[in-house]
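Note sheet for the following structure.
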Amino acid sequence: MKEELAKRYEPTEFEQRIYAFWEEGGYFTPVVDKERPKFSIVIPPPNVTGRLHIGHALVNTLQDIIVRWKRMSGFNTLWLPGTDHAGIATQLVVERKLAAEGISRFDLGRDKFVEKIWEWKEQHSTEIKDQLTRLGASADWSRSRFTLDEGLSRAVRYVFVKLYEDGLIYRGIAMVNWCPRCQTAISDVEVEFTERNGKLYHIDYPLAPEAVESTGTDRRLTIATTRPETMLGDTGVAVHPDDERYRDLIGKNALLPIANRVIPIVADPILVDPEFGTGVVKITPAHDKNDYESGKRNNLPQLRVIGEDGRMTDAAGPEFAGLDRFEARKKVIELLQEQGALVKVEEHLHNVGIHEKCRTDIEPMVSQQWFVKIEPLAKPAIEAVRNGSITITPQSWEATYFNWMENIHDWTISRQLWWGHRIPAFHCTNGHTAVSMDDLTTCPECGAATTQETDVLDTWFSSGLWPFSTLGWQGAGSDEEAPDYQVFYPTDTLITGFDILFFWVARMIMLGLRFTGKVPFSQVFLNGLVRDEHGQKMSKTKGNVIDPLDVVNEVGADALRFTLAVSASGRDIPLGKSRIQGYSAFVNKIWNASRFAMMHIDTELRNAGPIEKDNLRTVERWILSRLNAVTREVNRQLSVFRFDEASSTLYQFFWHEFCDWYIEMAKPVLLGKHGTEDDRRLAKRVLLEVLDRSLRLLHPFMPFVTEEIWLKLGGVEPSIMVAPYPIFEEDLEDGAAERLATAAQAIITMIRNVRAERGFTPKDRFTLYIRGNDERDSNFFRDYDYLLLELARLDRVVVEGEPPAGTHHDVVEGFHLAIEFPEKQVSQEQLDRVRRDIEKTEGELASIEGKLANEQFTRNAPAAIVEGARARQTELRARLGKLQQNQ
RNA sequence: GCGGGGUUAGCUCAGCGGUAGAGCAUCUCGCUUACACCGAGAGGGUCGGGGGUUCGAAACCCUCACCCCGCACCA
């Protein structure tokens, strides 16, 4: 039964009601049936305690568009949602909260602290779902997963143990990125480089007394450093072996100022560039990546002067021990100044590595950690993209992927955190380490008591398994008993931000291939960053942040979604309030057009039956043909992730073809002002058809409003969500109808145009003389003269009649027109316009004729192009002749 | 240094070998019973500079300039 549509479009009135309706209908949950064609996609799991920002709104809108499109297209569709425990990020949030109460995690101890995080998690775990719900995400909440769930944890443990057994996970002492604030090691990709104005300190290192004696000189070696405090840990000085200035000093010793330690002068062609600076480099093997390598090459000891908390150690000397590293820097400078060893200080712009999560300066540090030997995993992952098993869109990201994967370093996976998957390794009192699926209390090697490794795994280790661990995979063999895995793995598409290509996408590919033997997904779409309307990054300090939930509350989810879609070409997205406003007008337009249609549709959709195509008139054939072309276009664009093209195609069609033209053209018949009762019935049927198909095409982009309208329209299916997505139908194509309808529109436009140019008002009426090319054209205009009369506001249309002298002539789409205007003073402006029009036409004609006169063109250009040029020439000639009569 | 992207109407962008486009903004006219979150119309671009390929280039190639983003390095 058809219902009324509210007079005003008020999204807040129905969006949440509609979502509840979908959930109750169970439309988000696919069936577990291997025989049906499936489509599956997993969400990039947001941080469990996070608040959704505009970037989440984007990535989840895009996923939902694809998911709804596939579901309507007949696929057994699963969108699996969930959240990530997000080790460091979550721990940080809770630590900050506790800090506000004056408590540190160390006050609580590991177990209590982890308990606190779980409490926090439980409190916030519904927030993500609630927020995604407001956006209209059609995810299967019954399958929601969390990276610390029991099953997923089992998968993590299995993968760790297996990689260890295969020799791809090892424990060792190496230079890592250390965050003194979080007091954990982090991987290379978690370090962010930020440009900073610093100082370059030039410091004199004197030669050791015995070197002064043996060389007979008292030279000083001037080194430069941005981090003077690390000199306390220097265990050598390097020069280039070919550098004449210092060659005689190689093998001798220098005297380290302040510490007064004798350190060797070594030759290191890798570390030292003789052209750069003074050609002398200090070596701090314990606190610099390059120095660490150099130290190993030159057998220099590592002296750790900075501790895990960022404070100087005892090894730094009694006057430094316990001092913060930046305080120590000041003190070192002071002492050097006193000793006269500080030669000069320069301003220096350089990059400083910081921890991307807490923004603390990274301290390179030698430490015992767990690593994944990555190359054997990276190789097949590179191959999968290279051979097309996985495609990345936009394709330019593939180059970035290869570039990174081919230069990849071992992955530091251990974190000295408390929140996460604890590493399943067991150390015994005799120093043995065993890795095991089951908890061990005694050492398998010597029987001594064991304790479990305290480190946890990098968050991305567990999210790297997300596409299969969420489907029930828990290790070799487990897949047999995991029906979801059987039906939905591998997934089809992955949609995520480019910023986690390395963090997440690459790791899923590597681990997926290794453990399931299949690519975890075959298509990756990387979306850009949402920026403000001027392309600036959104940030709290700039005050240009747009909160998606505010937008949803103001203009509804559909307007936000459509704006995001129409902006998503794969590059960064400029988003401003005015843009959203613009597209909310479009939603309003859909609402009102539907309201109009529903005032006239008296046949219920259920009983309407198929359209009687043979009885349709030209205008109806035209709109169906156009809609059909749009249908093909939208399906095609969605299949290649052109959300922008697909949505603007629909926008253009619905607003400017359906509303501005078709509805206006249909009005005389719908309102009973013209045509037979049969015409009217058919027009209504077509109006209904076009609206219904349009709503279905639009549904993935704006699910709420389309459902609200569609339900009131009385659809055949229980929900538009499960109504079939329109597909191209060859027999709806009608080129002839399109040509005539388009011509009629161009003629109406031309008349409106000239009317405005001549200063007439819509109330002034004229007579139009029109001549077609053949009988069919003439019949068309005879049949549809009422359209010209109504839409162009004429008082008479004469088809094939001879226009009197003094009329305005033109040629539009091959039709010769003449408009008889009432007597009116022709303004100079109008005359100028006629002249410009003529000049423009002459210009184009000259260019076309030049082309056609060129034998190279007629010989080489494709026949269709040459034909087109000829036709254009004919039209322009005719038009020019007509225009000249207007002068 | 390596890699990627960009430079098209006032703004934000699409087009990527065959007559320069969209949205927003601007101007003019119109409250015509779906919608003023509207309708009708107008103005506005030598497609960053230079060179080349081609019958034909905004599009392909080379080159220069400027901007952005990764990665690496910066003693």
Side-chain angles (χ1 to χ4, degrees), chain A residues 5 7-9 188-189 193 200 202 223-227 237-238 271-273 276-284 288-291 294 348-351 394 396-400 402-404 407 498-499 501-502 528-529 531 533-535 555 559 563 566-567 569 571-576 578-579 581-600 642 644-645 648 651-652 656 659-660 663-664 667 671 748-749 752-757 759-763 790-791 793 844 847-848 851 854-862 864-866 868-869 872 876:
Chain A
L5 216 49
K7 187 151 172 54
R8 280 180 59 87
Y9 165 61
D188 290 349
V189 279
F193 286 92
L200 190 61
H202 295 254
I223 61 93
T225 180
T226 54
R227 303 200 51 199
V237 171
L271 184 67
V272 184
D273 172 7
F276 190 91
T278 56
V280 187
V281 180
K282 67 193 272 297
I283 308 173
T284 322
D288 182 279
K289 249 182 196 170
N290 294 314
D291 293 9
S294 178
H348 185 63
L349 186 69
H350 62 138
N351 286 325
S396 55
W397 285 107
E398 291 187 357
T400 308
F402 292 134
N403 193 13
W404 188 73
N407 299 292
F498 67 81
D499 50 324
L501 175 61
F502 305 143
L529 204 68
R531 296 168 175 275
E533 64 255 77
H534 298 293
V555 298
T563 310
V566 93
S567 315
S569 64
R571 281 222 278 278
D572 282 0
I573 292 170
L575 186 73
S578 65
R579 197 176 253 253
Q581 275 303 330
Y583 289 106
S584 89
F586 179 47
V587 189
N588 186 59
K589 187 78 183 176
I590 292 170
W591 184 266
N592 280 299
S594 304
R595 230 158 58 76
F596 171 81
M598 284 162 70
M599 287 174 184
H600 296 282
R642 286 306 299 260
D644 56 335
E645 294 283 354
S648 43
Y651 177 97
Q652 208 60 33
H656 299 306
C659 291
D660 289 349
I663 288 184
E664 294 309 319
K667 267 181 186 173
L671 300 173
I748 291 163
T749 300
R752 286 169 172 170
N753 209 323
V754 178
R755 171 200 300 277
E757 283 172 358
F760 288 105
T761 74
K763 288 179 194 96
E790 287 278 329
L791 298 179
R793 299 200 171 235
E844 203 193 329
S847 139
I848 293 251
K851 252 190 198 179
N854 182 350
E855 236 179 82
Q856 301 274 20
F857 174 71
T858 49
R859 199 170 53 230
N860 295 326
I865 297 296
V866 179
R872 184 72 184 152
L876 286 172

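In what follows, every chain begins at residue 1, and chains take the letters A, B, ... in the order their sequences are listed.
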At under 4.0 Å, does any side-chain N or O of His656(A) touch on OP1 or OP2 of G21(B)?
-> no
Would you call Lys289(A)-Asp188(A) a salt bridge at under 4.0 Å N-O?
-> yes
Taking N and O atoms by type only, does the side chain of Glu645(A) place a donor or acceptor under 3.5 Å from a partner on the base of A22(B)?
-> no
All stems that RNA chain B takes part in, i.e. 3 or more consecutive Watson-Crick or G-U pairs with distances under 3.5 Å, are B:1-7 with B:65-71, B:10-13 with B:21-24, B:26-30 with B:38-42, B:48-52 with B:60-64
N/O contacts under 3.5 Å, protein versus nucleotides 3-13 of chain B?
{"residue": "U12(B)", "atom": "O2'", "partner": "Arg579(A)", "partner atom": "NH2", "Å": "3.1"}

Between A34(B) (P) and Phe586(A) (CZ): distance, integer Å | 19 Å
Short side-chain N/O contact from Arg859(A) to OP1 or OP2 of C55(B), under 4.0 Å = no
Identify whether any heavy atom of Pro394(A) sits under 4.0 Å from a base atom; if not, whether one sits that close to sugar-phosphate; answer base, sugar-phosphate or nothing.
-> nothing
cation_pi(Lys589(A), Tyr9(A)) dist<6.0 Å, angle<=45 | no
Rounded off to whole Å, could you give me the CG-to-C1' distance for the Asn753(A) and U28(B) pair?
-> 13 Å
Separation of the C1' atoms in G15(B) and C73(B), to the nearest angstrom = 39 Å
Separation of the C1' atoms in C74(B) and G17(B), to the nearest angstrom | 45 Å
Quick one: does Phe498(A)'s side chain get under 4.5 Å of Thr400(A)'s, heavy atoms only?
-> no
With a 4.5 Å limit on heavy-atom distance, are the side chains of Arg752(A) and Arg793(A) in contact?
-> no
Checking all strands, does Arg642(A) fall into the base, sugar-phosphate, or nothing category for heavy-atom contacts under 4.0 angstrom?
-> sugar-phosphate
RNA chain B nearest-nucleotide lookup for Arg595(A) and Asp660(A): closer to the 5′ end is Arg595(A)
Side-chain N or O of Lys589(A) closer than 4.0 Å to phosphate OP1/OP2 of G39(B) = yes
Between U19(B) and G45(B), how far apart are the C1' atoms? Round to whole Å, please.
-> 16 Å
Rounded P spacing from G44(B) to A20(B) in Å | 16 Å
Among U32(B), G15(B), C55(B), the one nearest any side-chain atom of Arg793(A) is U32(B)
Nearest whole angstrom, please: distance from the C1' of C55(B) to the NZ of Lys851(A).
-> 9 Å
If you look at every strand shown and take non-hydrogen atoms under 4.0 Å, does Asn860(A) touch a base, only sugar-phosphate, or nothing?
-> base
Report which part of the nucleic acid Ala593(A) touches: base, sugar-phosphate, or nothing (heavy-atom distance under 4.0 Å, all strands).
-> base
With respect to the side chain of Ser584(A), which nucleotide from C37(B), C71(B), U19(B) is positioned closest?
-> C37(B)
Measure from the side chain of Met599(A), starting at C-beta and using heavy atoms only, and say which of A34(B), A72(B), C24(B) lies closest.
-> A34(B)
Report the nucleotide, chosen from C55(B), G15(B), G23(B), that has the shortest atom-to-atom distance to any side-chain atom of Tyr583(A).
-> G23(B)
Phosphate oxygens OP1/OP2 of G41(B): is one of them under 4.0 Å from a side-chain N or O of Thr749(A)?
-> yes
Testing U19(B), A34(B), C71(B) for proximity to the side chain of Glu844(A), the answer is U19(B)
Output yes when Glu844(A) and Arg872(A) qualify as a salt bridge under the 4.0 Å nitrogen-oxygen rule, no when they do not.
-> yes
Indicate, with a heavy-atom threshold strictly under 4.0 Å, whether Ile865(A) touches base, sugar-phosphate, or nothing.
-> base
Classify the nucleic acid contact of Thr225(A) as base, sugar-phosphate or nothing, counting any heavy atom under 4.0 Å across all strands shown.
-> sugar-phosphate
More 5' along RNA chain B: Asn592(A) or Asp273(A), using each one's nearest nucleotide?
-> Asn592(A)
Does a side-chain N or O from Lys667(A) land closer than 4.0 Å to OP1 or OP2 of U33(B), or not?
-> no
Using the C1' atom in both, what is the distance from A40(B) to C35(B), to the nearest Å?
-> 15 Å
Considering only C69(B), G41(B), C74(B), which nucleotide approaches the side chain of Asn290(A) most closely?
-> C74(B)
Would you classify Asn351(A) as touching base, sugar-phosphate or nothing, given that sugar-phosphate means primed atoms plus P, OP1 and OP2, and contacts are heavy atoms under 4.0 Å?
-> base
Side chain of Asp644(A) only, please: which of A40(B), C35(B), A14(B) is the nearest?
-> A14(B)
Whole angstrom value for the distance that separates C1' of G39(B) from CG of Asn588(A) = 14 Å
Please give, in whole Å, the distance from A34(B) P to Ile590(A) CD1?
-> 18 Å
For atom C1', what is the distance between G49(B) and U28(B), given to the nearest Å?
-> 38 Å
